[in-house]
Amino acid sequence: MPVARPEPQEPRVIAHVDMDCFYVQVEQRRNPALRGQPTAVVQYNDWKGGGLIAVSYEARGFGVKRSMRGDEAKRVCPGINLVQVPVARGKADLNLYRSSGSEVVAILASKGKCERASIDEVYLDLTEAAKEMLLQAPPDSLEEICMEAAKSNILGLSSDASEKEKNVRAWLCRSDADYQDKLLACGAIIVAQLRIRVLEETQFTCSAGIAHNKMLAKLVSGMHKPAQQTVVPLSSIQDFLSSLPVKKMKQLGGKLGSSLQYDLGVETIGDLLSFSEEKLQEQYGANTGTWLWKIARGISGEEVEDRLLPKSHGCGKTFPGPRALKNNTSVKGWLDQLCEELSERIQSDLNQNKRIAQTLTLHARASKKNERDSMKKFPSKSCPLRYGTGKIQEDAMKLFESGLHDFLESQSTGWSITSLSVTASKIFDIPSGTSSILRYIKGPNSSAPPAISDSSSVPEDPSLDVTPIHEEQCEPSTSEKEDNNRYSAISTKQCPANEEKKNSMKSTGVKGASSILKFLSRDHSAHQEKRRSDGLICSHQGPGSSSEANEAERNVPAQAAVVDRSNSGAEPSGSSNTWMLNVEDIDPAVVEELPPEIQREIQGWIRPSKHPTAKRRGSTISSYFPPARS
DNA sequence: ACGGTTGAAACA
DNA sequence: TTGTTTCAA
């Protein structure tokens with residue numbers, strides 16, 4: 001439930017930016033004929049015309065609502081354009097909207113701390129930018145305020161029809177205002193400029209709220225839509241909140257809000273003021289009680305997080321009614337589809353953002369037939385995430401079977417699955433330059449050329465369990481053939497082997513980066529066709545950050561990865577090499593023969609895994625690399 | 001036995 | 001920690 005955060009004593013300038021019926025705008029940009037038309041985006045349309053997930057303002061004028069069916073929307077608004085969400089692998093594919101959202105984030109992140117709150121919303125902390133403006137170019141000269149800023153809605157400002165814009169200008173440059181309101185005025189101007197940039201560069205309109213905290217900014221961002229912004233001056237807060245229905249407040253739209261109404265008779269946020277903090281704590285616990293007490297007073301200490309990317313990736317699908325899945329085969333089929341998409345998405349995240357996900361989770365909804373109606377829920381299950389589509393599919397199926405086992409409690413006749421989803425979470429940045437093994441591979445000279453060359457070099461071993469990953473930016477999927485070509489491009493020429501410890505490897509034919517990675521991995525003869533996309537990895541770093549004392553025990557990723565960024569300065573984008581190795585595939589016997597420094601690093605990658613591990617081959621260096629013939 | 005598909009977060 | 005639950009859009 002909600003938790004109160006300590007309130008920063010410094011006044012902040014926070015904005016919440018919300019795209020107007022975003023999916024519709026994305027489709028309108030793709031097909032400009034839809035502009036200005038009543039339009040809605042639906043996903044699927046077999047059943048009752050599909051479900052609406054976004055509705056244009058024109059269509060809203062006809063009474064079309066989200067949560068209507070396509071058929072119903074057509075009845076209410078016969079002229080409506082219904083655009084379908086793209087379908088891939090039998091499921092709705094939202095990647096187009098994700099990437100469109102990223103375009104917006106990239107622009108909005110330019111003026112201060114930026115938090116991606118959802119696919120189409122961000123929070124901005126503009127405090128510094130606003131202070132700067134107040135010092136350098138305060139908005140006290142009337143005409144320099146841009147048109148868009150002058151169209152702001154100022155909460156509590158008398159909105160005399162024709163005089164409105166003039167009043168707003170006056171408010172924005174008031175010289176007798178509170179310092180805090182002056183900051184807000186600067187924030188409003190900055191946000192107006194940002195919104196214009198978004199429109200110019202993406203063709204998307206958005207609305208925004210500007211206030212002293214996230215809660216207030218969020219509350220008003222949608223107050224005047226579309227394509228408008230709203231400011232909450234200090235003096236307007238109490239009046240605004242006092243009449244605000246509790247359900248409008250974020251976090252109070254559900255059960256907690258209902259409880260406030262039915263148990264305490266609280267209809268508006270103002271009504272909350274008559275309850276002491278102690279009383280609220282008694283009702284809802286210390287955390288939620290304090291939170292309620294504070295929000296009633298417009299206090300919210302939540303910080304804007306500096307995060308432009310999502311914290312997890314999920315793929316799911318529901319199988320309603322007659323479409324429910326009733327046997328293992330159909331579950332496997334759908335799970336494979338979901339895992340394919342998930343794999344693609346985390347691979348993109350790795351290549352584009354140098355991030356690696358550590359946990360795979362499976363969720364399902366199921367009903368048991370025949371059994372006396374057990375309301376029991378299908379348990380979610382998770383395990384360390386291994387890169388590679390095949391591995392993810394394999395693991396997801398195991399998680400499903402485990403969940404099903406628990407769900408059925410060993411006695412059952414029939415079951416049916418009404419929803420499936422797989423999620424990749426615990427995503428961490430891959431740090432650069434910290435890997436001793438990379439230095440080892442590349443030699444002491446850090447400016448040495450990368451150990452991976454272009455496709456002109458001869459494939460060393462098609463079954464190699466090493467995957468240098470290159471992906472064009474924004475290229476969501478690549479064909480199998482392309483992959484094969486790309487992944488074979490590993491050079492063995494580059495490793496300067498000038499240290500004594502390397503001699504044993506040298507003498508057994510281990511010369512280059514790919515060889516060392518191969519060298520680390522066991523079982524590289526198996527699963528030839530699957531291994532292609534399996535990962536290699538080198539280098540460590542888990543969540544806890546390196547300064548933690550007992551970091552090796554926890555906080556260690558199931559997968560370690562290393563990015564060789566040595567050539568990323570020269571290449572404009574996405575060209576750095578990412579190598580991955582499933583940690584469980586590292587052969588301990590081989591590790592023993594490496595220098596202690598490297599051994600320590602590799603130990604840091606390893607953590608207990610729930611996965612059944614393939615049987616270890618009794619292995620030595622020479623069993624992998626027979627002495628080079630000459 | 002459905003607005004579906006995502007996502008974040010707190011809690012046990 | 002994993003798994004559950006709530007909330008939101």
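Note on naming: letters A, B, ... go to the chains in the order of the sequence lines (proteins, then strands), and numbering restarts at 1 for each one.
Listed candidates were dA9(C), dT2(C), dG4(B). Nearest to the side chain of E121(A) is dA9(C). Of the candidate nucleotides dT4(C), dT5(B), dT2(C), dT2(C) has the atom lying nearest to any side-chain atom of K426(A). Comparing dG3(B), dA8(C), dG3(C) against the side chain of K218(A) picks out dA8(C) as the nearest. Nearest to the side-chain atoms of P379(A) among the listed nucleotides dT5(B), dT4(C), dG3(B) stands dT4(C). Among dG3(C), dG4(B), dC7(C), the nucleotide with an atom closest to any side-chain atom of K381(A) is dG3(C). Checking dG4(B), dT4(C), dC7(C) against every side-chain atom of L256(A), the shortest atom distance belongs to dC7(C).
With the nearest nucleotide of DNA chain B identified for both G321(A) and T318(A), G321(A) has the one nearer the 5' end.
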Practice problem: Check the pair Q228(A) / N153(A) against side-chain hydrogen bond (donor to acceptor under 3.5 Å, both in side chains), numbers first and verdict last. | Solution: CA-CA 8 Å; Q228(A) 295 178 66; N153(A) 303 275; 3.3 Å; yes
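Salt bridge K391(A)/E394(A): absent, no basic N to carboxylate O contact under 4.0 Å. Between E302(A) and K218(A) no salt bridge is recorded (no basic side-chain N to carboxylate O distance below 4.0 Å). For R75(A) and D71(A), the salt-bridge test fails: no basic side-chain N is under 4.0 Å from an acidic carboxylate O.
The nearest whole Å value for the distance from the CD1 atom in I119(A) to the P atom in dG4(B) is 18 Å. Look at NZ on K250(A): it is 10 Å from C1' on dA9(C), rounded to the nearest Å. For Y284(A) and dT6(C), the OH to C1' distance is 15 Å, given to the nearest whole Å. Atom pair W47(A):CH2 and dG4(B):P shows a separation of 8 Å (rounding to whole Å applied). Between the C1' atom of dC7(C) and the CH2 atom of W291(A) lies a distance of 11 Å, rounded to the nearest Å. Here dG4(B) presents its P atom at 13 Å from CG of L52(A), a figure rounded to the nearest Å. In this structure, the NE2 atom of H363(A) is 14 Å from the P atom of dT5(B), given to the nearest Å. Spacing between atom NZ of K255(A) and atom C1' of dT4(C) amounts to 12 Å, rounded to whole angstrom units.
Using a 4.0 Å heavy-atom criterion, one finds that Q251(A) contacts the sugar-phosphate atoms exclusively. Base contact: S380(A) has a heavy atom under 4.0 Å from a base atom. Using a 4.0 Å heavy-atom cutoff across all strands shown, L252(A) reaches sugar-phosphate atoms only and no base atom. R69(A) comes within 4.0 angstrom of a nucleotide base, judged by non-hydrogen atoms across all strands.
By the 4.5 Å heavy-atom criterion applied to side chains, L335(A) and F400(A) are counted as neighbours.
A side-chain donor from one of T389(A) and S343(A) sits under 3.5 Å from a side-chain acceptor of the other.
Annotation: the span from T39(A) atom OG1 to L34(A) atom CG amounts to 4.5 Å, rounded to 0.5 Å.
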Quiz item: Which letters describe nucleotides 6-12 of chain B, given B = protein heavy atom under 4.0 Å from base, S = only from sugar-phosphate, - = neither?
Solution: SSSSSS-
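Taking only side-chain nitrogens and oxygens, T359(A) never comes nearer than 4.0 Å to OP1 or OP2 of dT2(C).
Residue L241(A) comes nearest to I295(A) through the heavy atom pair CD1-O, 3.5 Å, listed as atom of the first residue, atom of the second, then distance.
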